[in-house]
Amino acid sequence: MDGVVQLQKQLVDYIASLFHEGFLDEQFNQLQQLQDESNPDFVVEVVSLFFEDSERLLNELAKALEQKTIDFRKVDAHVHQFKGSSSSIGAHRVQKVCIAFRNYCEEQNVEGCLKCLQQVKHEYSLVRNKLETLFQLEKQIIAAGGSLPAT
Amino acid sequence: MENGFSSPRSESFPAGLRVLVVDDDPTWLKILEKMLKKCAYEVTTCGLAREALNLLRERKDGYDIVISDVNMPDMDGFKLLEHVGLEMDLPVIMMSVDGETSRVMKGVQHGACDYLLKPIRMKELRNIWQHVFRKKIHEIRDIDHHESFEGIRLSINGSEFSEDCIMFSGEDLTSFKKRKDFQNKYDERDYGDLSSTKKHRVVWSVDLHQKFVKAVNQIGFDKVGPKKILDLMNVPWLTRENVASHLQKYRLYLIRLQKENDLKASFGGIKHSDVPSKDTSGGFGLQSSIHTNQNDVANDRDQFSGSNFYGQDLDAKNNEGDQEEIVSEPRPDSKKPLTADVPDPQDTRSSQMSFDHSSASLGSDVNYTEFDCSIPKQYPWSECPEVQSKQEHKLLLQLEDGFSQQPPGVPQHYIEIDQLQSGRDTSSPIKNEPVLVEYKSHHESHISPKETAIDNFSVQSKSLIAYHQSFEPSSTAIKSMKPQAVDLSCITDLEPCQRNLISPSDLTFPPFNEDLTVCWLQGDFLNKNFGLPNMEFADYSDPGFIADIPVHLYDTLTSDYECPYDPTEYPIVDQGLFIL
């Protein structure tokens with residue numbers, strides 16, 4: 001079972017690094033703690049929901065910012081939503097960009113907004129990749145007969 | 001689900017607490033659901049505010065607490081909050097990722113019992129039951145005050161209580177019963193034993209109460225004792241205990257009446273001088289008119305029962321986006337002092353006035369006269385002073401005997417129907433009870449005039465003073481009432497009405513601290529003259545009106561009377577509250 005142990009160590013380290021680099025925050029821990037026998041895939045499910053919702057929000061955002069006359073209130077509303085949902089899984093860096101994004105909206109700064117849109121897309125894809133990697137690791141451990149390390 | 005905590009989960013409160021979560025974010029919805037389930041709560045989730053309202057309406061007693069996000073696509077969270085508070089009177093917790101003070105303040109103003117910041121932790125959810133519990137406790141306390149009135153759904157006539165009664169609609173009674181149930185259960189403070197604490201509920205119906213009062217009078221109030229009353233009443237199933245507790249409440253009730261009377265007496269000859277001053281400000285235009293009209297009110301007690309309150313369609317007088325419209329109803333000097341005392345909600349209620357999900361303290365203490373809901377409900381309140389400060393709405397029902405002296409034909413009291421409506425489902429008109437609903441609004445522009453008037457009142461009445469004072473703090477709460485269409489159908493409490501007073505139009509009026517004191521003067525005026533010709537608002541020349549009227553009728557009107565009220569929305573009003 002050496003392999004499993006290895007994998008488990010890898011997982012633990014990986015998660016630690018994500019926290020360390022600010023990709024995830026305490027909220028993610030909360031999610032992990034919520035997972036239990038009755039809901040063994042809770043975290044994956046929640047994160048999947050987040051991904052789905054985020055794609056949608058990002059599309060809306062892009063659309064809103066492409067308009068001739070930008071409706072900043074709408075943009076702000078979307079950003080606010082995105083901020084909320086990223087906070088749900090602890091996507092810390094995404095959340096931070098959203099805060100800056102909202103400020104630009106308030107100032108009605110088009111350039112600032114466009115910049116933030118790029119940033120938020122970037123951060124989102126980063127965290128998404130990280131999480132997918134994480135889930136892969138977990139799957140591997142389970143497949144190898146191991147159990148996920150306690151959080 | 002049965003009402004109160006008699007559902008299966010009542011065994012080990014707070015486990016089994018029935019929570020309704022509303023959030024448009026699917027991720028959060030899932031997370032919250034899981035968290036709440038971990039707290040052993042019974043969770044229902046909902047992604048849309050409208051859907052949530054439907055769920056709540058379908059099962060009136062199906063939930064104990066609602067948790068809602070602030071930003072939702074189909075309906076603003078604050079609006080939902082108000083609806084829930086109004087219609088169901090459930091505690092509501094708001095959530096948002098935005099923790100700005102102004103938002104939180106808004107939440108509180110709209111009646112949220114808590115405001116959580118996302119990301120929400122489990123531990124924050126664990127203790128939400130406290131809000132449910134707290135509410136119940138308050139209700140119990142209120143019930144004590146209300147109980148004397150509870151059984152008095154008089155149909156106004158002939159009962160000793162008639163003048164002082166609080167008209168409760170059937171709904172109210174039910175809610176009281178519910179509360180009593182709750183009280184009963186919690187009295188034992190034995191949560192693990194809720195189901196076993198069900199006692200036989202005594203419903204003090206009108207008849208029963210009549211018997212009671214008769215017995216009391218027969219024995220002589222001083223010599224009265226539960227046993228004696230019980231014997232005289234000769235109601236086999238009634239226990240001494242029941243009578244004892246009812247007697248206690250009755251006593252409190254009488255004390256209040258007494259105070260009311262004193263208060264009224266002191267009001268006699270109220271400053272006319274104030275009236276004119278009020279008149280000066282634009283917003284007070286109505287006042288003058290009202291005053292004028294009041295004189296004409298025919299004080300006819302009997303007529304009173306049929307009088308209607310018409311929502312005042314104060315038009316245009318209001319100005320400057322000033323929503324207040326003070327309608328003062330000066331009593332003519334000739335009017336007899338009020339004989340019937342309306343239980344003075346002021347003193348006792350000040351503490352209970354907290355609207356925040358508090359039980360309808362307002363309503364219960366107030367005698368509501370029947371209002372004719374057909375009155376055009378223009379919402380004078382389009383920007384209603386923050387009804388939120390429920391505390392400020394004090395319904396003073398003054399039974400006005402003196403009105404009979406008024407020349408008939410003048411619709412005197414314009415009572416904000418919404419106020420009335422929302423407040424009480426009064427099924428039986430109150431006889432001659434001038435109901436004074438005084439909105440004291442410290443609207444900026446009108447503050448001075450108003451205040452003087454109001455202050456005067458305060459001087460005159462200790463309760464008023466107390467009242468006003470108690471509202472001071474709440475004044476800040478006012479206002480951010482989101483203008484909303486009043487959805488009367490859900491009004492069961494005055495409180496809610498007040499909130500609804502704010503029409504959906506934008507809140508343009510400057511935030512004013514309003515201490516809304518609502519005094520309804522009930523009179524003969526309920527006739528439909530809203531736009532009464534006799535209302536010479538512009539011309540206030542009748543200081544005499546105030547004389548006997550302890551409270552000025554204030555109607556806060558917005559300059560724009562287009563209140564998007566849909567009369568059809570107020571079925572309750574039409575039937576329940578005010579009967580002609």
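If you're wondering where the values come from, they're calculated on a predicted model, not measured in any experiment. So you know, we letter chains A, B, ... as the sequences are listed, proteins then strands, and number each from 1.
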Tell me the closest heavy-atom pair linking [X] and [Y], and the distance in Å.
X       : Y       : answer
A:Ser85 : B:Asp25 : CB-OD2, 2.7 Å
B:Trp28 : A:Gly84 : NE1-O, 2.7 Å
B:Thr27 : A:Ser88 : CG2-OG, 3.1 Å

request  = Check the surroundings of atom NZ in B:Lys38: do more than 12 heavy atoms from other residues, nucleotides or ligands lie under 6.0 Å from it?
outcome  =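 Buried by this count: over 12 neighbours within 6.0 Å.
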query = Quick check: are there more than 12 heavy atoms from other residues, nucleotides or ligands sitting under 6.0 Å from CD of A:Glu26?
reply =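 Enclosed.
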ask   = Is chain A contacted by the side chain of B:Leu32, its backbone, both, or neither, given a heavy-atom distance below 4.5 Å?
value =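 Neither; nothing under 4.5 Å.
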key: Atom group of B:Asn71 that falls short of 4.5 Å from chain A, counting heavy atoms   = side chain
inquiry  = Quick check for you: among B:Arg121, B:Met122, B:Met35, which has the greatest number of heavy-atom pairs under 4.5 Å with chain A?
reply    =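 Maximum pair count with chain A is reached by B:Arg121.
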For [X], which atoms come within 4.5 Å of any heavy atom of chain B: side chain, backbone, both, or neither?
X       : value
A:Glu52 : neither
A:Leu57 : neither
A:Gln27 : both

I need the [X] [atom1] to [Y] [atom2] distance, nearest 0.5 Å.
X       : Y       : atom1 : atom2 : value
B:Ile31 : A:Ser87 : CD1   : OG    : 8.0 Å
B:Lys30 : A:Leu34 : NZ    : CG    : 11.0 Å
A:Ser38 : B:Lys34 : OG    : NZ    : 3.5 Å
B:Glu33 : A:Asn39 : CD    : CG    : 8.5 Å

ask   = Using a cut-off of under 4.5 Å for heavy-atom pairs, which of A:Lys83, A:Gln30, A:Arg102 has the most such pairs with chain B?
value =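 Ranked by contacts with chain B, first place is A:Gln30.
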